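Model, not experiment: these values are computed from the prediction. Protein chains get the first letters and strands the later ones, always in sequence-line order, with residue 1 at the start of each.
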Amino acid sequence: MLIPPINCSLLLPRAVKIAAVSCLLYTVGCHSRTFCFRLINQKKEYKVDLVFTTELYNPEEGKEHLGKCSARVFFRNEKPRPAINITCTRLIEKKTRQEEDYQLYKYMKQLKNLLDVVSIPDSHGHIDPSLRPIWDLAFLGSSYVMWEKTTQFLHYYMAQLSSVKQWKTNEDAIDFDYTVLLHEFSTQEMIPCHIHLVWYPGKPLKVKYHCQELQTPEEASGTEEASAVAPTELSNF
Amino acid sequence: MQGLLILSVLLGAVLGKEDFVGHQVLRISAADEAQVQMVKELEDLEHLQLDFWRGPAQPGSPIDVRVPFPSIQAVKVFLEAHGLRYTIMIEDVQSLLDDEQEQMLASRSWARSTNTFNYATYHTLEEIYDFMDLLAAEHPQLVSKLQIGSSYEGRPIYVLKFSTGGNNRPAIWIDTGIHSREWVTQASGVWFAKKITQDYGQDPAFTAILDNMDIFLEIVTNPDGFAFTHSKNRMWRKTRSLTSGSTCIGVDPNRNWDAGFGKAGASSNPCSETYHGKFANSEVEVKSIVDFVKDHRNIKAFISIHSYSQLLLYPFGYKRESPADKDELDQVAKSAVEALTSLYGTKFKYGSIITTIYQASGGTIDWTYNQGIKYSFTFELRDTGRYGFLLPASQIIPTAQETWLALLTIMEHTLNHPY
């Protein structure tokens with residue numbers, strides 16, 4: 001069973017809607033089972049402490065594996081892209097993760113005819129099993145985007161992979177250009193985003209994107225600073 | 001892709017009585033501009049009767065073409081001679097069409113009875129309306145279909161009434177599908193309707209409820225929106241009313257009620273998903289329910305069902321102040337959630353709208369509570385974001401089953417605590 005690398009935290013408890021954790025966790029499915037948090041200094045800074053468990057994204061029968069993570073999430077001045085410190089224990093060991101990544105990579109390399117892929121899942125929530133890894137990879141790229149856009153007040157889910165613009169595997173890396181719909185919860189808006197990611201197991205993931213922006217009356221012009229100061233390196237990929 | 005096939009080919013079949021036996025669809029990759037040109041030359045050869053689904057554009061873009069049987073040899077020879085790589089996407093168009101027809105007929109078969117109706121799939125508006133008629137016909141003593149109004153685009157708005165007699169008994173109201181993209185809710189509503197007819201007379205607790213109270217169930221609360229999610233945009237949420245002065249369509253029916261209308265927690269921008277409308281009850285879909293509730297005067301519990309997030313909520317959404325009955329509502333919610341979770345372990349949170357989800361003004365249950373309907377609740381059904389609105393059909397029945405247990409808890413409490 002293919003277990004894709006996944007940027008976790010998308011399905012974290014509603015009380016704290018955080019887009020992505022900066023240390024992208026391999027082979028974790030993100031259903032938080034337990035959590036607790038406390039607010040510290042709820043003024044210009046907004047910090048949340050979280051404890052949560054993780055499970056395999058596509059768990060096999062009898063092979064449940066729960067990892068445990070604790071994280072501190074930090075928004076400054078209501079800006080997006082929170083700074084996150086996270087540590088996890090009991091994750092699947094690195095060697096296994098790398099092997100499984102490589103299997104996934106090999107599977108993806110031989111996929112063809114993806115340009116006619118639209119709407120995954122379809123209206124009825126169905127995903128063709130052979131296309132499931134594509135959705136997973138799209139989700140991975142989307143979680144980076146969602147992390148960058150998340151604020152204390154705005155949080156996102158990936159609603160649908162709406163189309164595949166490009167799927168190139170002739171070079172070493174998987175070059176994946178696609179559009180998604182992101183569902184922003186507090187405004188209930190559906191936001192189309194165009195995402196381009198390049199993935200090779202063991203190398204840093206590269207993500208470029210452009211989303212149609214929400215029209216908010218308070219939208220400031222000029223450069224948007226983020227809460228996280230230094231750009232986070234997406235290592236482990 | 002399948003859809004494109006059906007459309008283009010069926011049109012051809014209908015208009016020209018063609019068949020497509022032996023036709024193949026080839027995908028050609030043109031590596032450079034010269035090759036693209038070659039394919040364009042092929043396009044010009046009319047006698048080949050080629051049907052380009054995706055025409056030659058630039059190098060790297062796939063070119064898809066349906067080739068009639070008599071031309072297949074010639075085309076392949078041409079491609080091979082010019083070094084144009086291609087794959088066969090469809091070996092035989094006709095056999096694919098035949099399969100597709102079969103599938104479509106199988107899944108769209110009009111149910112002859114509510115026993116053969118497929119509850120584990122999502123349905124169109126017509127199918128749901130058909131179901132309602134079937135159910136009412138099968139249980140004329142218990143079920144009747146009422147029309148409480150017409151939608152903006154002129155579709156009838158129906159409510160199913162479940163009653164064992166009496167005269168204007170205290171009643172429970174349940175609505176689903178007020179936000180059209182929340183498909184698991186309408187699907188659950190259909191299941192609830194059937195469940196009611198099955199359990200009355202069989203399950204003692206439920207029988208006691210229906211022996212003393214009526215149930216009103218509005219399955220498709222926003223029919224225009226629902227039709228639109230099928231025809232054009234699966235993610236449509238609002239009504240389909242036109243707003244003068246704007247090109248944007250639709251009002252959020254859960255911001256249009258007369259409770260804190262227009263205050264923080266709704267948008268005044270017609271293009272927004274939470275646009276509250278020009279004035280409270282501007283939407284006929286909302287006004288119809290308002291009129292019904294006011295005329296009835298004896299509704300004791302009001303439950304409005306949404307997805308997703310897995311929450312059970314009580315008022316208020318528009319203000320922080322707690323409702324007078326907060327403690328009781330919280331207790332009922334707690335029990336209802338426990339009942340729900342007992343079935344499949346699905347976790348729900350509960351609380352007031354404003355503390356649990358977000359500030360929302362002009363919401364349904366804030367209005368109904370202010371009208372004196374104490375047991376006013378909103379559900380947000382499965383899931384918590386993995387599939388969101390696109391919940392797999394395989395989860396419809398489990399969702400409906402677990403939700404029903406929560407509804408029973410609320411209904412029982414309402415029965416046992418008359419006011």
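Aromatic ring pairs are classed by plane angle as parallel below 30°, tilted from 30° to 60° and perpendicular above 60°; the pair A/Trp135 and B/Tyr387 is parallel.
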* **Pair A/Asp116-B/Arg27, side chain to side chain contact (heavy atoms under 4.5 Å, CB included): steps then yes or no** => CA-CA 12 Å; A/Asp116 41 338; B/Arg27 171 161 285 180; 4.2 Å; yes
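In summary, the side chains of B/Arg181 and A/Gln188 do present a donor paired with an acceptor at a separation below 3.5 Å, with no hydrogens or angles considered.
When heavy atoms are compared at a cutoff of 4.5 Å, A/Asn113 approaches chain B by way of both its backbone and its side chain. Of the two parts of B/Tyr122, the backbone and the side chain both hold a non-hydrogen atom closer than 4.5 Å to a non-hydrogen atom of chain A.
Other residues, nucleotides and ligands contribute more than 12 heavy atoms inside 6.0 Å of the CD atom of A/Gln110. Few gaps surround NZ on A/Lys109; more than 12 heavy atoms of other groups in view lie less than 6.0 Å from it.
Note that OG of B/Ser61 is 8.5 Å distant from CD of A/Gln166, once rounded to the nearest 0.5 Å. The NE2 atom of A/His126 sits 11.5 Å away from the OG1 atom of B/Thr121 when rounded to the nearest 0.5 Å. Note that CE of B/Met89 is 14.5 Å distant from NZ of A/Lys112, once rounded to the nearest 0.5 Å.
The shortest heavy-atom contact between A/Ala159 and B/Met235 is CB-CE, 3.9 Å. Here the shortest heavy-atom pairing between A/Gly125 and B/Pro392 reads O-CG, 3.5 Å. Shown here for B/Leu390 and A/Gln160, the closest heavy-atom pair between the two residues is CD1-NE2, 3.5 Å. For the residue pair B/Ser309 and A/Phe185, the shortest heavy atom distance occurs at OG-CZ, 3.0 Å.
Residues A/Tyr157 and B/Thr384 have side chains not in contact (no heavy-atom distance under 4.5 Å, counting atoms from C-beta outward).
In this structure, the side chain of B/Glu273 does not engage the main chain of A/Thr187 through any donor-acceptor pair within 3.5 Å.
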